Amino acid sequence: MSCDSYWRVLALFMLGTFFSVAVVWYLRAEPNMPVPYVIAEDDGMMCLQGNMGRKALLLIENYSRNHPAFLQMSDFFWEKNQSVYQLPYGTQGSEEILLKVLALTMRYDMPDRVQSLPCWRCVVVGNGHRLKNSSLGDVINKYDIVMRLNNAPVHKYEHDVGNKTTLRLFYPESADFDPHLQNNPDSLMVLVPFKTPDIQWLKAVLNNEKRSRKGFWKSPPLIWDVKPENVRILNPYFMEVTASKLLNVSIKPPRKNKEKPTTGLLAITFALHICDVVHIAGFGYPETTNKKQTIHYYEQITLTSMADSDHNVSHEAQAIRRLLEARIIRNLTRF
Ligand SMILES: CC(=O)N[C@H]1[C@H]([C@H](O)[C@H](O)CO)O[C@](OP(=O)(O)OC[C@H]2O[C@@H](n3ccc(N)nc3=O)[C@H](O)[C@@H]2O)(C(=O)O)C[C@@H]1O
Ligand SMILES: CO[C@@H]1[C@H](O)[C@@H](O)[C@H](O[C@H]2[C@H](O)[C@@H](NC(C)=O)[C@H](OCc3ccccc3)O[C@@H]2CO)O[C@@H]1CO
């Protein structure tokens, strides 16, 4: 080898080493960096049965997938099933109204089209501003299960958030006034019950009974046109786990601390219990000092609007960060 070629090979070798070190350093420094927005098997989309359970056990004490996703009538048939907590962490005291509404909805399981899927690759779409101009719509639509929250719109936001909705978690005050526009004909509408009036609202709108606005902190829709077979009530067990295991909030009465989980963190917990793969997008609030940044991808409100919300978003950020760092979940957007 000539002296010239020798130096060229050495230079190439050193350049290669430099790039490898730089890539390794970058990956270590940014463990939660967004995945390149393409779904591939090696992108954490591989379905390993039992894998989620093993991983979730690392962070969730007594983690068990042995809990029904939704409330069912038979939950109330046996004395031994009596819940020790009241809503939102249990059903104590709301049994009678629950039985009445569950008799209307009739189905308590996942729809057959979901049940028959070999793998449940889920994405939980938060309502955060980070989805704006993300162009993640096609990526989100490719997941087996797309979970959305509250009244987050898809109409006119398809490019950033997609238009597939397998499940939507909501409560009366966050129910959409035009559910047909923002969901698919077969989307499951999953009520998260916080208080007895929430169940009374569901019974009234499904049964076309007299509605009342009493007991709500914001007026819920009085006409809500959704087929009863597309409605479920989330098992409060997931709220209990989210508060007590992910946020370490005491749920035993008397509860002096009013802190309660956001619907987004609840949805992540729920996904950890039913899905084989859990990815998230659109999570993360602005810094508390940032008074100007809007919080949603679809409206112009800031953190100030959450002042009386009973949520602790920095506490929640820590919980989500722990899940990301343990690689139990992955994030499609910046966090
Ligand atoms: C004023 C108020 O009460 N706002 C609450 C709103 C409001 O009730 C509904 O939007 C209906 O209008 O609902 C909440 O949440 P919200 O509907 O804003 O958002 C749904 C979930 O997305 C995650 N999120 C949202 C914005 C953001 N910048 N970062 C995020 O991570 C959160 O996990 C959040 O739960 C709620 O239900 O949790 C929590 C909010 O505190
Ligand atoms: C997941 O929680 C939902 C939402 O993110 C919260 O902001 C909201 O908090 C409300 C809280 O639930 C209300 N408490 C009760 C017992 O209803 C509270 O009530 C005060 C109030 C009453 C009347 C008029 C205005 C305010 O209001 C909070 C919102 O400011 O709870 C959601 C789930 O329901």
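In each ligand, atom 1 is the first atom listed, and ligand 1 is the first ligand listed. Note that the coordinates shown come from a computational prediction; the quantities given were computed from them, not determined experimentally. Count residues from 1 along the sequence.
- Comparing V313, L149, N151 by heavy-atom distance to atom 10 (O) of ligand 1, the nearest is N151.
- Remark: the S187 side chain and the R168 side chain contain no N/O donor-acceptor pair separated by less than 3.5 Å.
- Under the 4.0 Å criterion applied to side-chain N and carboxylate O atoms, K164 and D144 are not assigned as salt-bridge partners.
- With hydrogens left out, the protein atom closest to atom 4 (N) of ligand 1 is S309 OG, 4.0 Å, a heavy atom.
- At a 4.0 Å cut-off, at least one heavy atom of H311 sits close enough to ligand 2 to count as contact.
- The protein heavy-atom contact nearest to atom 22 (O) of ligand 1 is N127 N, 3.2 Å.
- Residue contacts with ligand 2 for M306 are absent, since no atom lies close enough (heavy atoms, distance under 4.0 Å).
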- Task: Evaluate the salt bridge (Lys or Arg N to Asp or Glu O under 4.0 Å) criterion for residues R121 and D276: first the C-alpha distance (whole Å), next the side-chain angles of each, then the deciding distance (0.1 Å), finally the verdict.
- Result: CA-CA 6 Å; R121 284 173 293 211; D276 299 300; over 6 Å; no
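- If you check each of F194, Y285, W217 against atom 32 (C) of ligand 1, the one with the closest non-hydrogen atom is Y285.
- Of all the listed residues (H311, H296, K260, K218), H296 holds the heavy atom that lies closest to atom 18 (O) of ligand 1.
- A side-chain N or O of R211 and one of N208 form a donor-acceptor pair less than 3.5 Å apart.
- With 3.5 Å as the limit, one finds no donor-acceptor pair spanning the side chains of Q318 and H315.
- Protein heavy atom at the shortest distance from atom 26 (C) of ligand 2 is W217 CB, 3.9 Å.
- Distance from atom 30 (O) of ligand 2 to its nearest protein heavy atom, with residue and atom name: D308 O, 3.3 Å.
- Nearest to atom 14 (N) of ligand 2 among the protein's heavy atoms is D310 OD2, 4.7 Å.
- Looking at G284, A281, A175 and measuring to atom 31 (O) of ligand 1, the nearest heavy atom belongs to G284.
- The residues K195 and E173 are annotated as salt-bridged, a charged nitrogen and a carboxylate oxygen being separated by less than 4.0 angstrom.
- Counting heavy atoms closer than 4.0 Å to ligand 1, residue N150 contributes side-chain atoms (C-beta onward) but none from N, CA, C or O.
- Of the listed residues (Y297, F170, Y171), the one carrying the non-hydrogen atom nearest atom 13 (O) of ligand 1 is Y171.
- Under 4.0 Å from ligand 2, the heavy atoms of K260 that appear belong solely to its side chain.
- For the pair K132 and Y157, the cation-pi criterion (under 6.0 Å, within 45° of the ring axis) is not fulfilled.
- Of the N or O atoms in S309, one or more lie within a sub-3.5 Å distance of an N or O in ligand 2.
- In this structure, NZ in K292 is found 14.0 Å from CG in L303, a value given to the nearest 0.5 Å.
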